[in-house]
Novice: 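Handing you this structure, nothing more for now.
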Amino acid sequence: MLQRIRDILIGPPLPTQHIVHKRLNKIRALAAFSPDALSSVAYANQEIYLGLVVTGAAGLSLAFPIALAITGLLVLVALSYFQTIHGYPSGGGSYTVARENLGTLPSLIAAAALMMDYVLTAAVSLTAGVAAIASAFPVLWPYRVELALLMLLVIALLNLRGLQETGTAMAVPVYLFLFTFLPMLAWGVLRLLREGPGSLTAVAPPATEPLTLFLVLHTFASGCTALTGIEAISNGVPAFQPPEARNAGRTLIVMAVLMAVLFAGSIGLTQAFAVIPRPDETVLSALARRVLGEGPAYILVQVSTLLILAVAANTSFAGFPRLAAILAADGFLPRQLTGLGDRLVYSNGIVLLAAATAGLILFFGGDTHALIPLFAVGAFLAFTLSQTGMVVHWWRERGRGWAAKALLNGLGALATAAALLIIAISKFVAGAWITVLMIPLLVSGFLKIQAHYQEVARELSLSHGPLPSREIPPRPRVVIPISGVHRGIVDAVNFARSIGREVTAVYVELMPGSGEEIRRKWEQWWPDVPLVVLPSPYRSIVGPLLEFLDETDRQHNDGQQAVIILPEFVPARWWHNLLHNQTAWLLKAALLYRRRRLGFQRVIIDIPYHLRR
């Protein structure tokens, strides 16, 4: 039944030969790689508004200048990643660039920052998408957490089914967003020319805080979330049709131009029209309502915003599992993350990302504004390390025009490092400290996992240390723990007698006197096999059995530990397991994870008896 439900939700298993790497043209590639970048206008604008509104009209009048500064940073970062695309035509993610040019530790810092960025991208995109649709339908506002979790569940299930990042599935939301938002901006400019600007002084709420340089820098840091996702194309160059680097570079330029127009244009119109949203509304919703009214066009803009934000969350489900698989292959994350699931996707990485995203949504109450302070630190740290690595790359290669290329990436590194410093300081108390703390903790975890795998390899190696003996050992002593005399132990007893030179059955007596009835039945069936009854005054099964094993091994002192044969009946239905106490499983766990005693390992053999009903 469970398998049937699983097949309905995520589909039946696929053979490995069904893996298809389909190349993307520029139109489909723009749809595949741009949702995160283009949709960031939905929450970056909101953060700039929330950062300035506390200072009244004087602060809100700085929104467009701040947007222009961020747009200038966007242009510089885009040109830097244009260089990365041509320097790494096989795909230049921040982890790869940092590992090859800066070393292991910087690459792990970049990887930790990227993993944080992927999780936060999914959480912020989903909560911002729900806020967009709740602005159009305020009745949904109290249910933002539930709606975000529902969208997360749908996206996770789609990815577990093997949703391919070919751009086809993403094309509709992306181009619907562009074909609704860009005309809205154009219509807004025409209305502005015809009607003239509004007055912030007349509509802005009264100032509750003074306008300070720190507040402006804090707002700038919040608005820098508009740059998230700009690195996606440089990570996926191999997905483009030949010539890959040229097509990827052109697509990056188009995406950067669209980002600049959407971001600066929407903030410019918001300031020019003196748009002030309701408490249960986003600033983009208020702008769309001001320009388009409250008719079908306004609803379409809000729906398209929700859809592109959902698709933006989906890009994390493409990037996070791949990055986790690369780190796992390098020995820095559990090996389970390298395996393709039944549907030819990195299922464990998808589940891990979904769980982390759900945790953030629940912890922060589905509030995008509360999540934003954690967001930009990881992204800009990865930007800085990637661009610094590219400077080293050009320095080492010394090809044609290397100095100009290194200069451009160096300027990009300096700009993103300056932005990172502003973000970390201005938003530290608001929540950036969590990301600042988590990144070194993740790096420490990576290194501990690597150290574990290296130690395992050393201990398993046959080429180092004393060689193990290849002599065939003598027939072992065998101990059979039993819970009673029944059909479930017959095969175990027969097998024990076939391999053991000395077989002993053990029954742990939880209730005084219960062992006598077990002994009577045992002697009827196997009078030649001794049965030891162990009293357990504290009603423990595991403790008395382990003490007995240690004592009998010490008494025999024959160079080996007794082999344990565990009879275990297997229920016919999965839910039947809930009706039994799983004693055999507890004994196996206790024996398996017990360190070697007397210099020898203990062999544990499980003999199942399958129940028919």
Side-chain angles (χ1 to χ4, degrees), residues 36-37 73-74 76-121 221 224-225 227-237 252 316 319-320 322-324 326-327 330 332-333 374-397 402 405-425 427-428 432 434-447 450:
D36 183 13
L73 180 61
L74 165 66
L76 186 56
V77 173
L79 291 174
S80 299
Y81 273 106
F82 184 85
Q83 298 288 95
T84 303
I85 287 171
H86 290 83
Y88 281 85
S90 59
S94 298
Y95 172 67
T96 302
V97 175
R99 182 186 59 191
E100 294 188 6
N101 298 290
L102 302 178
T104 299
L105 185 59
S107 71
L108 293 180
I109 295 173
L114 279 173
M115 294 186 77
M116 292 284 294
D117 185 46
Y118 280 130
V119 175
L120 286 162
T121 293
C224 281
T225 53
L227 273 67
T228 57
I230 196 171
E231 79 288 352
I233 290 177
S234 69
N235 295 341
V237 178
L252 173 64
S316 289
F320 181 94
R322 280 203 297 258
L323 175 61
I326 293 171
L327 284 167
D330 290 343
F332 295 111
L333 280 178
L374 287 71
F375 195 12
V377 173
F380 275 82
L381 180 55
F383 291 167
T384 303
L385 289 170
S386 175
Q387 299 312 308
T388 305
M390 286 305 301
V391 173
V392 177
H393 172 79
W394 298 125
W395 175 268
R396 287 174 176 173
E397 290 219 341
W402 71 269
K405 295 175 181 178
L407 177 63
L408 184 55
N409 282 120
L411 290 174
L414 288 174
T416 54
L420 173 63
L421 188 63
I422 293 171
I423 293 166
I425 294 175
K427 303 183 80 65
F428 187 83
I434 298 176
T435 305
V436 173
L437 176 65
M438 283 299 300
I439 289 175
L441 289 177
L442 285 172
V443 171
S444 176
F446 295 156
L447 293 174
Q450 183 197 41

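Note that the coordinates shown come from a computational prediction; the quantities given were computed from them, not determined experimentally.
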Novice: For F446, check side chain to side chain contact (heavy atoms under 4.5 Å, CB included) against everything at least two apart and list the hits.
Specialist: L108, A111, A112, M115, L327, F332, L333, L442

Novice: Can you tell if the side chain of L76 reaches within under 4.5 Å of the side chain of L408, non-hydrogen atoms only?
Specialist: yes

Novice: Between W394 and Q83, which heavy-atom pair has the shortest distance, and what is it?
Specialist: CZ2-O, 3.5 Å

Novice: Between S107 and A98, which heavy-atom pair has the shortest distance, and what is it?
Specialist: CA-CB, 3.6 Å

Novice: Taking only residues two or more places apart in sequence or in another chain, which ones pass ring pair (Phe, Tyr, Trp, His ring centres under 6.0 Å) with F82?
Specialist: H86

Novice: Please identify each residue that fulfils ring pair (Phe, Tyr, Trp, His ring centres under 6.0 Å) with F380, with sequence neighbours left out.
Specialist: F383

Novice: So, taking the atom named CZ in R322 and the one named CG in L114, what distance separates them when rounded to the nearest 0.5 Å?
Specialist: 12.0 Å

Novice: What salt bridge (Lys or Arg N to Asp or Glu O under 4.0 Å) pairs are there with at least one residue in residues 93-110, not counting sequence neighbours?
Specialist: R99-D330

Novice: Which value, rounded to the nearest 0.5 Å, describes the distance between L323 atom CG and T96 atom OG1?
Specialist: 8.5 Å

Novice: Heavy atoms only: give me the nearest A113-A382 pair and the separation to one decimal.
Specialist: CB-N, 4.2 Å

Novice: Which of these, I423, I434, D117, sits in a side-chain contact (heavy atoms from CB on, under 4.5 Å) with V377?
Specialist: I423

Novice: Atom CG of L102 and atom CE of M390: how far apart are they, to the nearest 0.5 Å?
Specialist: 11.0 Å

Novice: Answer yes or no: is there a side-chain heavy-atom contact under 4.5 Å between Q387 and V97?
Specialist: no

Novice: Between atom OH of Y118 and atom OG1 of T228, what is the distance when rounded to the nearest 0.5 Å?
Specialist: 12.0 Å

Novice: On a heavy-atom basis, which atom in S94 and which in S386 lie closest, and how many Å separate them?
Specialist: OG-CB, 3.5 Å

Novice: Can you give me every donor-acceptor pair (side chain of residues 411-419, partner residue at least two apart or in another chain, under 3.5 Å) with its distance?
Specialist:
from: T416; atom 1: OG1; to: T384; atom 2: OG1; distance (Å): 3.0
from: T416; atom 1: OG1; to: G412; atom 2: O; distance (Å): 2.9
from: T416; atom 1: OG1; to: A413; atom 2: O; distance (Å): 3.1

Novice: If you look at every heavy atom in P106 and L385, which pair is closest and at what distance?
Specialist: O-CD1, 3.5 Å

Novice: Closest approach of T225 and A376, non-hydrogen atoms and distance?
Specialist: CG2-CB, 4.1 Å

Novice: Residues in side chain to side chain contact (heavy atoms under 4.5 Å, CB included) with A78, at least two apart?
Specialist: I230, A256

Novice: Nearest 0.5 Å please: distance from the CG atom of L120 over to the OG atom of S316.
Specialist: 9.0 Å

Novice: Kindly compute the distance separating OG1 (T435) from CG (L374), expressed to the nearest 0.5 Å.
Specialist: 4.0 Å

